[in-house]
Each structure stands twice: as C-alpha cells, then as structure tokens.
Amino acid sequence: MSTPHINIDDFGMGTVSLAGTLESKLAVVRDAGFAQIMLSARDVVGHPGGIDDAARAIRASGLRVTGFEALTDFEGLTGRLHAYKVDVAKSMLEMCDAIGAKLLLVASSTSAHATGDEDAIARDLSKLAMLAVPFGIRIAYEGLSWGRCVRDFAAAWDVVCRAGAPNLGIAIDSFHTFAAQAPLDDLEMLSPEGIFVVKLADFMWPEAGGDDERMATDRHHRVFPGEGAHSEALAAFVTRLDANGYYGNYSFDVYNDDYLQMPPDVVAARALAAAEWLGETVLRRALPVPNVERLSRPAPT
C-alpha cells in the first residue's frame with residue numbers, strides 16, 4: 001500500500017473566511033502555519049493603496065498564492081455580452097500577473113443568456129486559456145452545483161478536454177460535489193495532471209436541495225472539513241483523489257458569515273485543525289504502521 005503524499009504546505013486557506021484588512025489576513029494565515037493563500041479579487045481591488053500596494057503586501061508576506069478567484073459567467077455568451085466578459089477576463093489576468101498569482105479560477109456560468117452548447121463553452125474556455133498564455137497563468141474551471149450547464153467536476157472535465165488547451169484544467173470543490181451529489185467514482189475518469197486545485201469545505205445539513213438553497217449555503221454557511229455533516233464523504237473524497245495520484249494543492253474555501261464575526265486567528269486555527277484532521281487521520285489511516293508522524297512541516301531555515 002503506497003504512502004500518501006501529504007505535507008502542511010499542500011494546504012492553504014482563502015481570504016474569504018477572514019475579517020480584516022488584506023495585510024491582517026495575510027499575517028493570520030502565515031502565523032497559523034500555512035504557506036499558501038487563495039486570494040479573493042475583492043481583497044486586491046479593495047486595498048486602500050491600490051493593486052500595487054496589495055501586490056507588495058502579498059510578496060512581503062512570504063505566502064505562495066494558490067490562486068485568484070473568481071471569474072464568473074464568462075463562457076457561452078455572444079455579441080456584446082461576450083466582448084464585455086472578455087474585457088473583464090483580461091483585467092483579471094492583469095491583476096493575477098500583478099500579484100504573482102499563476103492560477104485564475106473560473107466558475108461555470110449561471111447566466112440565463114449563456115448557451116448550453118458544450119462546443120461553444122469549450123471554444124470560449126480555449127480562448128480564455130490563450131489570453132492567459134502570455135502571463136504564464138493557468139485557468140482552473142469549476143462546475144457550480146447550480147450552473148447553467150456545467151454543474152459538477154465531471155461536466156467541467158468534459159468541456160476542458162474538448163477545449164484541449166495545456167494551461168486549462170479544472171478546480172474541484174467538495175461543497176459542489178456533495179451538493180450536486182456527484183458520484184465519487186467519477187473521480188477515476190480524471191487525469192490528476194488536469195486537476196489544478198482542490199477546494200475543500202463542508203456544510204451542516206445533510207442535503208442542499210434546490211438551487212436557491214445551494215446558493216445560500218455556498219455563500220453563507222460553509223464550514224471547515226471535519227465540522228460538517230459530510231465528514232465521512234469528505235474523507236472518502238480526499239482519499240480517492242490521493243489514490244488516483246493527485247498531489248496538488250488543497251485550499252479551504254469556506255464562506256461563512258459567522259466566521260467573519262470571529263477573531264481571524266480563531267478561524268485560522270479551525271482551518272489548521274482541518275488540515276491536521278485530513279493529513280493525520282484521513283490520509284494516514286491506511287498506513288500499515290501505528291503511531292505515524294504528525295503532519296509534516298518544512299524544516300526551519
């Protein structure tokens with residue numbers, strides 16, 4: 001039985017879970033022991049010193065940028081709507097470049113004006129990937145569980161394969177996987193090299209039935225892995241990814257109104273507890289020897 005490949009550096013958290021300024025969020029995440037952070041566009045464009053000062057703060061923190069989120073409702077449009085979204089995408093790619101982010105996350109369209117034609121979606125994603133090439137940026141496409149056409153990682157994978165761009169892959173979000181009740185067996189159809197990031201979160205109730213409930217839960221009531229109603233499924237989800245050869249980044253993508261009213265260091269400690277649960281208990285449970293080492297941290301320099 002192979003040893004799981006896991007390290008504290010494999011985990012990061014997003015600024016969306018924390019109250020405060022960009023600088024305070026960066027400090028809290030670093031001080032909690034993480035080496036990477038997922039940045040929200042709002043934290044960058046809302047910086048009082050502008051994007052250049054935001055970029056300096058990010059570089060000074062020493063944190064690696066997991067990704068920049070998120071471009072929404074991009075694909076499947078025509079005419080002026082398409083041209084407008086291309087301009088938005090160009091702006092976001094420029095911000096990615098400015099802050100040192102090498103991954104732009106793209107959420108599947110929820111727009112009623114978007115086509116459901118998968119070939120058209122693939123063409124638009126291919127175009128976006130080409131726009132990202134001069135910046136050296138990769139595009140991670142994520143299926144939202146209430147998306148117009150693409151609602152899970154399997155559907156996202158299908159259109160990414162149709163697009164055929166080397167810097168285009170998928171982001172998998174455990175919340176949307178459970179909300180859409182996507183079969184975990186479908187993870188086996190994925191090439192691990194095509195998974196650019198895995199976002200982790202849970203929620204407190206057994207199901208999020210309709211689109212409205214999914215949206216409300218997604219935006220306000222996520223919790224960290226190990227805190228919600230789907231711990232067993234989440235453990236199976238991460239274990240399957242690891243067994244299939246995924247050795248990339250995991251980002252805690254937890255939108256929760258309660259966390260925004262809590263001290264940021266307390267929230268970051270909850271994120272670290274989730275990383276330790278996944279690293280020590282979930283991904284180590286199959287090892288044939290007892291008393292395995294704790295989740296490894298990089299040696300001090």
Side-chain angles (χ1 to χ4, degrees), residues 38-41 65-97 99 101-177 179-180 182 186-187 189-199 211 215 218 241 246 248-249 251 253:
M38 181 75 75
L39 292 170
S40 167
V65 181
T66 314
F68 190 57
E69 57 181 5
L71 177 62
T72 60
D73 294 329
F74 173 79
E75 74 280 11
L77 302 172
T78 58
R80 290 183 178 180
L81 281 174
H82 173 72
Y84 164 74
K85 276 298 181 178
V86 169
D87 282 343
V88 172
K90 290 178 179 177
S91 178
M92 293 199 72
L93 288 168
E94 289 170 358
M95 284 193 287
C96 275
D97 185 54
I99 65 174
K102 293 302 181 182
L103 185 69
L104 174 64
L105 280 82
V106 181
S108 64
S109 181
T110 63
S111 173
H113 303 287
T115 180
D117 181 81
E118 292 185 352
D119 288 330
I121 293 172
R123 284 195 300 271
D124 287 344
L125 292 176
S126 180
K127 181 175 184 177
L128 178 61
M130 288 294 292
L131 291 172
V133 167
F135 299 101
I137 291 171
R138 299 190 301 167
I139 304 297
Y141 183 57
E142 174 188 346
L144 298 184
S145 55
W146 61 88
R148 170 78 170 81
C149 177
V150 176
R151 291 189 161 216
D152 58 32
F153 63 81
W157 179 253
D158 183 57
V159 294
V160 162
C161 289
R162 286 172 186 251
N167 63 329
L168 176 66
I170 63 169
I172 307 179
D173 189 320
S174 63
F175 169 84
H176 292 298
T177 299
D186 287 349
L187 291 170
M189 65 182 267
L190 309 179
S191 169
E193 293 78 15
I195 306 171
F196 287 176
V197 69
V198 174
K199 299 160 68 176
D211 288 354
M215 282 188 281
D218 170 69
L241 283 167
Y246 176 72
N249 295 321
S251 179
D253 204 52

Compare every heavy atom of [Y] with every heavy atom of [X], then report the nearest pair and how far apart it is.
X	Y	value
N167	A129	ND2-O, 2.9 Å
V160	G169	CG2-O, 3.6 Å
A156	V150	N-CG1, 3.4 Å
F74	A89	CE1-CB, 3.9 Å
D186	A154	OD2-CB, 4.1 Å

- Message: A quick test of your reading: do over 12 heavy atoms of other residues, nucleotides or ligands sit less than 6.0 Å from CE of M130?
- Response: no
- Query: Counting heavy atoms not belonging to K102, are there more than 12 under 6.0 Å from its NZ?
  - Reply: yes
- Flag the pair D158 and R162 as a salt bridge only when some basic side-chain nitrogen lies within less than 4.0 angstrom of an acidic carboxylate oxygen. yes
Expected output: side-chain [X] to main-chain [Y] donor-acceptor under 3.5 Å:
X	Y	result
H176	S145	yes
K85	T78	no
S251	D253	no

Atom [atom1] in [X], atom [atom2] in [Y]: separation rounded to 0.5 Å?
X	Y	atom1	atom2	result
L104	R138	CG	CZ	12.0 Å
I137	M92	CD1	CE	10.0 Å
L77	D124	CG	CG	7.0 Å
I99	E94	CD1	CD	12.5 Å
E75	R148	CD	CZ	11.0 Å
I172	W157	CD1	CH2	9.0 Å

- Message: Please evaluate residues L93 and V133 with respect to the criterion side-chain contact (heavy atoms from CB on, under 4.5 Å), reporting the C-alpha separation (whole Å), side-chain torsions for both, the decisive distance (0.1 Å), and the verdict.
- Response: CA-CA 10 Å; L93 288 168; V133 167; over 6 Å; no
Counting C-beta onward and ignoring hydrogens, is there a side-chain heavy-atom pair between [X] and [Y] closer than 4.5 Å?
X	Y	answer
T110	R151	no
L71	I139	no
N249	L103	no

- Task: Determine, stepwise, if the pair K199 / L105 fulfils side-chain contact (heavy atoms from CB on, under 4.5 Å).
- Result: CA-CA 11 Å; K199 299 160 68 176; L105 280 82; 3.6 Å; yes
- Query: Going by atom types alone, do D152 and T177 pair a side-chain donor with an acceptor below 3.5 Å?
  - Reply: no
- Message: Between Y141 and S108, does the side-chain contact (heavy atoms from CB on, under 4.5 Å) criterion hold? Intermediate values first, please.
- Response: CA-CA 7 Å; Y141 183 57; S108 64; 3.4 Å; yes
- Task: Check the pair L187, F153 against side-chain contact (heavy atoms from CB on, under 4.5 Å), reporting the backbone distance first and the verdict last.
- Result: CA-CA 8 Å; L187 291 170; F153 63 81; 3.6 Å; yes
